[in-house]
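Working notes, structure below.
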Amino acid sequence: MGNKSNTDTTSTSDPASGDDSSNTHAVSVYDGAEWHELDVPHGRTLRDALWAHDLSPHGALTRHLNCGGQGHCAACTVDIEAGAEAPDQWLDTFLHAQDVGRLSCQIDVTQDMTIRL
Ligand code: FES
């Protein structure tokens, strides 16, 4: 009589480890004119998340001339107001120390964030 109800609790996350990789995160982005609310899959780079929502950390020229997210050109900087882990890549660390911003290509979205382009 009918199908057995689906009680599959399989998950890609491990609650014991605090890994919430099956989740998405709310990213609030101010583009200089208005706020945008993005729903971003856990672990996606911030740069890729912005592009996926038709937002860009790049200017008119660097939109076409950049390192493609390799962390070499410093053309994808954003201001982080909340929610990013400490930098662990050399150029991202240097720019952060100089208060220039953060490299969006070197930031994995692992929690809710607030940023300004
Ligand atoms: S795209 Fe070049 S450093 Fe991020």
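For reference, positions follow the sequence shown, starting with 1. Atoms within each ligand, like the ligands themselves, are counted from 1 in listed order. Only heavy atoms go into these numbers, but all of them, side chains included; no hydrogens, no water, no symmetry mates.
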Residue part near ligand 1, for Ala74, under 4.0 Å between non-hydrogen atoms: backbone
Taking non-hydrogen atoms only, is Arg47 closer than 4.0 angstrom to ligand 1 via side chain, backbone, both or neither? side chain
Hey, looking at atom 1 (S) of ligand 1, which of Ala75, Gly69, Gly71 has the closest heavy atom? Gly69
For the hydrophobic clusters of this structure (ILVMFWY residues joined by side-chain heavy atoms under 4.5 Å, transitively), does one cluster hold both [X] and [Y]?
X      : Y      : value
Val78  : Leu95  : no
Ile107 : Leu103 : no
Val100 : Ile80  : no

Just jot down the ligand 1 atoms closer than 4.0 angstrom to any heavy atom of Cys67, in number order. 1 (S), 2 (Fe), 3 (S)
Going by the atom numbers of ligand 1, which of them fall below 4.0 Å from some non-hydrogen atom of His72? 3 (S)
With Ile115, which of Asp79, Leu50, Asp31 fulfils side-chain contact (heavy atoms from CB on, under 4.5 Å)? Leu50
Give a yes/no answer: is there an N/O/S atom of Cys76 under 2.8 Å from atom 4 (Fe) of ligand 1? yes
Within Cys105, is some N, O or S atom less than 2.8 Å away from atom 4 (Fe) of ligand 1? yes
Please report the C-alpha distance between His42 and His25 in whole Å, then the side-chain angles of each, then the deciding distance to 0.1 Å, and finally whether the ring-ring contact (aromatic ring centres under 6.0 Å, His included) criterion is met. CA-CA 6 Å; His42 181 88; His25 304 286; 5.1 Å; yes
Where do Trp51 and His58 land on the ring-ring contact (aromatic ring centres under 6.0 Å, His included) test, with the steps shown first? CA-CA 10 Å; Trp51 281 52; His58 301 291; 5.7 Å; yes
